[in-house]
Amino acid sequence: MPALAIVGLQWGDEGKGKITDFVSDSADCVVRFQGGANAGHTVEFGKQTFKFHQVPSGVLHKKVTGIIANGSAVDPDELMSELKTLADRGYRISKFHISDRAHLVMPYHKQIDGLEESFKGGRAVGTTRKGIGPCYSDKASRIGFRAGDLLDVESLGPKVDMAVRMKKAYASALSGELEVDADTLMKKLVEWSRALSPYITDTSHLINDMASKRKNVIFEGAHGLMLDIDHGNYPYVTSSNIVTGNAFTGSGMDPNHRLSVIGVLKAYSTRVGGGPFPTELSDEVGEHLALKGMEVGTTTGRRRRCGWLDLFAAKYALSLSGATAIALTKLDVLSGIDRIKIATAYRYNGEKLKHYPQSVKVLENVQPVYRELRGWGEQLDEGVHRWTDLPVETRRYISFIEESLGVKAKRISVGHSREQTIIRGKLSFL
Ligand code: GDP
Ligand code: IMO
Ligand code: MG
């Protein structure tokens, strides 16, 4: 009974939150293993909407233990407010843990994120300004604060002094001034320690224990694979690995436990922030996707850029993810588009590319090769529960994607809520 990883196959916002919540009714544990409050995962059922940033999306199911594992960047202030919002809405999470090895997003990380972006000017990444890059930089530089430090907060004085001196110097080199001093920072750490210590533990041990007992463990990827720091469109990426392999590194799960993978693919493409986007649409179809798909960033409120589905990129992401099935989302948004295009390849300097390129310069100059399919007028968000309820053109669209990628769409989403989901076959333990 392998564990299951849920991985986004595009540039984020594929509907990972919805799919994670949907499959979590059979889960015992849902783990976030990378990213932080830069993620924004939406879950809807009935008339309720939840926006998860750090807490795993599966926790609305009573049986589920939520874990923020070591590969995450934990923003304590945001996490405390997320837990409070859930509690205020009647969801007091009883089983919740934070890895003692997870790095903390400090207040200066958020400020430095903004300063670095301003300093880069036209070369800015368009980050969420949640301090993610600076936090992971400090992790690699071995000067970060970890959740485990909050268990021994009295001994942190010298490290706080050093960090503040170092960050002051860096901020001033970026033409800024650090807004935090050592005393304020120490007070923050004490406040975080009081609030979060009960949750902090060795989560790798917990995850391995559950996996050994054949409990159902789900790994919820944050972001989309095309934003992976190694395999995405560097430098227009986030600062962690999104590839499935990081579910092991980012959680400490014994690699001998089998992990099966489902990729989440939106029926069209979106991207927030800067970076190449070969199938981007700036016409009325792009407008249709943005409006009908309500494509506004869950974390930053920025409008998402929209475009046709890019199967050349998705094939690349799929092979990196190891997914053997996909969840195809937001098909309902395509209703009303006469002819739908899907990119199947890229041309560069007149030649078809054999592999997805690493160079942003190349990606900015490729011409997508499109396949055009007939669209459908029917709305899909009501009365569609089975494969056979879908219009024939929608089924053709899905089959084309399945044949191109060589995997089956085992979950098909035609609306925001849990009920608007078609099940087609078994997934791992589900
Ligand atoms: P995530 O970051 O991958 O979890 O995705 P987000 O939550 O940021 O963005 C996806 C948005 O689409 C959310 O508002 C979801 O409620 C919504 N959504 C998910 N699946 C569907 C679907 O099949 N149809 C429609 N119309 N909306 C969906
Ligand atoms: P979910 O989990 C979409 C993008 C940012 C920016 C780049 C780097 O909702 O899919 P960062 O703040 O991480 O340093 O920003 O990555 N980005 C996302 N885009 N959805 C996300 O998360 C994202 N998380 C980061 O817009 O371009
Ligand atoms: Mg999102």
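First listed ligand is number 1; within each ligand, the first listed atom is number 1.
- No more than 12 heavy atoms of other residues, nucleotides or ligands sit less than 6.0 Å from atom CD of Q358.
- Relative to the ring axis of F22, R411 does not place its NZ or CZ within 45° and under 6.0 Å from the centre.
- Outside the 6.0 Å centre-distance limit, the rings of Y170 and Y108 are not counted as a close aromatic pair.
- Close N/O approach between T127 and ligand 2 is not found [any backbone or side-chain N/O within under 3.5 Å].
- Under a cutoff of 6.0 Å and an axis angle of 45°, K315 and Y356 do not form a cation-pi pair.
- For K130, the closest heavy-atom approach to ligand 2 does not fall below 4.0 Å.
- For a distance threshold of 2.8 Å, the protein N, O or S atoms nearer than that to the Mg ion (ligand 3), listed by chain and number, are D13 OD1, G40 O.
- Short contacts between ligand 1 and E44, defined as distances under 4.0 Å to a heavy atom of the residue, involve ligand atoms 16 (O).
- Ion pair D28/K63 flagged as a salt bridge, since at least one NZ, NE, NH1 or NH2 atom sits closer than 4.0 Å to an Asp/Glu carboxylate oxygen.
- Only the side chain of K16 comes within 4.0 Å of ligand 2, judged by heavy-atom distances.
- For atom 26 (N) of ligand 1, the closest non-hydrogen atom of the protein is D332 OD2, 2.7 Å.
- Between atom CE of residue M80 and atom CD of residue Q54 there is a gap of 11.5 Å, rounded to the nearest 0.5 Å.
- Between G15 and ligand 1, at least one pair of N/O atoms sits closer than 3.5 Å.
- Side-chain polar atoms of T249 and N241 form no donor-acceptor pair below 3.5 angstrom.
- Per-residue contacts place V237 under 4.0 angstrom from the following atoms of ligand 2 (heavy atoms of the residue considered): 7 (C), 8 (C).
- Between L331 and V384 there is no side-chain heavy-atom pair separated by less than 4.5 Å.
- Close approach to K16 involves these atoms of ligand 1, each under 4.0 Å from a residue heavy atom: 1 (P), 2 (O), 3 (O), 4 (O).
- A search for ring-ring contact (aromatic ring centres under 6.0 Å, His included) contacts involving F248 returns nothing, not counting sequence neighbours.
- Heavy atoms from both the backbone and the side chain of T128 come within less than 4.0 Å of ligand 2.
- Neither the backbone nor the side chain of R271 comes within contact range of ligand 2; no heavy atom lies under 4.0 Å.
- Taking every heavy atom of L227 and a limit of under 4.0 angstrom, the matching atoms of ligand 2 come to 4 (C), 16 (O), 17 (N), 18 (C), 19 (N).
- The side-chain heavy atoms of V237 and H231, taken from C-beta on, include no pair separated by under 4.5 Å.
- Below 4.0 Å from some heavy atom of G12 lie the following atoms of ligand 2, by number and element: 10 (O), 20 (N).
- Scanning all protein heavy atoms for the shortest distance to atom 17 (C) of ligand 1 gives H416 ND1, 3.8 Å.
- Inter-residue side-chain proximity for F52 and D21 is flagged as unmet; no heavy-atom pair is nearer than 4.5 Å.
- Using a 4.0 angstrom heavy-atom cutoff, G126 counts as in contact with ligand 2.
- Of the N or O atoms in G415, one or more lie within a sub-3.5 Å distance of an N or O in ligand 1.
- By the 3.5 Å distance cut-off applied to N or O atoms, S239 is not counted among the residues near ligand 2.
- Atom CZ of F400 has more than 12 neighbouring heavy atoms from other residues, nucleotides or ligands inside a 6.0 Å radius.
- Closest to atom 27 (O) of ligand 2 among all protein heavy atoms lies V272 O, 3.1 Å.
- Close N/O approach between K292 and ligand 1 is not found [any backbone or side-chain N/O within under 3.5 Å].
- Here M294 has no heavy atoms under 4.0 Å from ligand 1, in either its backbone or its side chain.
- The protein non-hydrogen atom at the shortest distance from atom 3 (C) of ligand 2 is D13 OD2, 3.2 Å.
- Taking 4.5 Å as the limit, some side-chain heavy atom of L86 sits within range of a side-chain heavy atom of F50.
- In the model, D113 has a side-chain atom that pairs as donor or acceptor with a side-chain atom of T127 under 3.5 Å.
- Heavy atoms of V43 found under 4.0 angstrom from ligand 1: none, in either backbone or side chain.
- When the shell of 6.0 Å around CZ of R339 is examined, it contains more than 12 heavy atoms from other residues, nucleotides or ligands.
- Shown in contact with H223 at under 4.0 Å from a heavy atom are these atoms of ligand 2, numbered in order with element: 1 (P), 2 (O), 10 (O), 21 (C), 22 (O), 23 (C), 24 (N), 25 (C).
- Not a single heavy atom of R304 sits under 4.0 Å from any atom of ligand 2.
- Within a 6.0 Å radius of CD in E364, other residues, nucleotides and ligands contribute more than 12 heavy atoms.
- When only interatomic distances are considered, the shortest N/O to N/O separation between D113 and ligand 2 does not fall below 3.5 Å.
- No side-chain heavy atom of R396 sits under 4.5 Å from any side-chain heavy atom of L373.
- Under 4.0 Å from ligand 2, the heavy atoms of W11 that appear belong solely to its backbone.
- Note: an N/O pair closer than 3.5 Å links R304 and ligand 1 by distance alone.
- Side-chain contact of D138 with H103: a donor-acceptor pair under 3.5 Å is absent, judged by distance alone.
- Side chains of W11 and T270: a donor-acceptor N/O pair is absent below 3.5 angstrom, by distance only.
- Taking any N or O of G40, backbone or side chain, at least one lies under 3.5 Å from an N or O belonging to ligand 1.
- Between F219 and I207 the shortest side-chain heavy-atom distance falls below 4.5 Å.
- Near G40, the atoms of ligand 2 lying under 4.0 angstrom from a non-hydrogen atom of the residue are 1 (P), 2 (O), 9 (O).
- Shown in contact with G273 at under 4.0 Å from a heavy atom are these atoms of ligand 2, numbered in order with element: 27 (O).
- Nearest protein neighbour of atom 23 (O) of ligand 1, counting heavy atoms only, is S413 OG, 2.5 Å.
- Among all non-hydrogen protein atoms, the one lying nearest atom 13 (O) of ligand 2 is T238 OG1, 2.6 Å.
- Heavy-atom contacts from other residues, nucleotides or ligands closer than 6.0 Å to CZ of R424 number more than 12.
- Atom 4 (O) of ligand 1 has its closest protein heavy atom at G17 N, 2.8 Å.
- With hydrogens left out, the protein atom closest to atom 7 (O) of ligand 1 is T42 OG1, 2.6 Å, a heavy atom.
- Closest protein heavy atom to atom 27 (N) of ligand 1: K330 CE, 3.5 Å.
- Using a 4.5 Å heavy-atom cutoff, the side chains of E280 and R271 are not in contact.
- Given atom 10 (C) of ligand 1, the protein heavy atom at minimum distance is D13 O, 3.9 Å.
- L83 is listed as a side-chain neighbour of Y199, based on a closest heavy-atom distance under 4.5 Å.
- A donor and an acceptor atom, one from each side chain of K18 and T421, are located under 3.5 Å apart.
- Within the 4.0 Å heavy-atom criterion, neither part of T299 lies near ligand 2.
- The protein atom (non-hydrogen) at minimum distance from atom 2 (O) of ligand 2 is H41 NE2, 2.8 Å.
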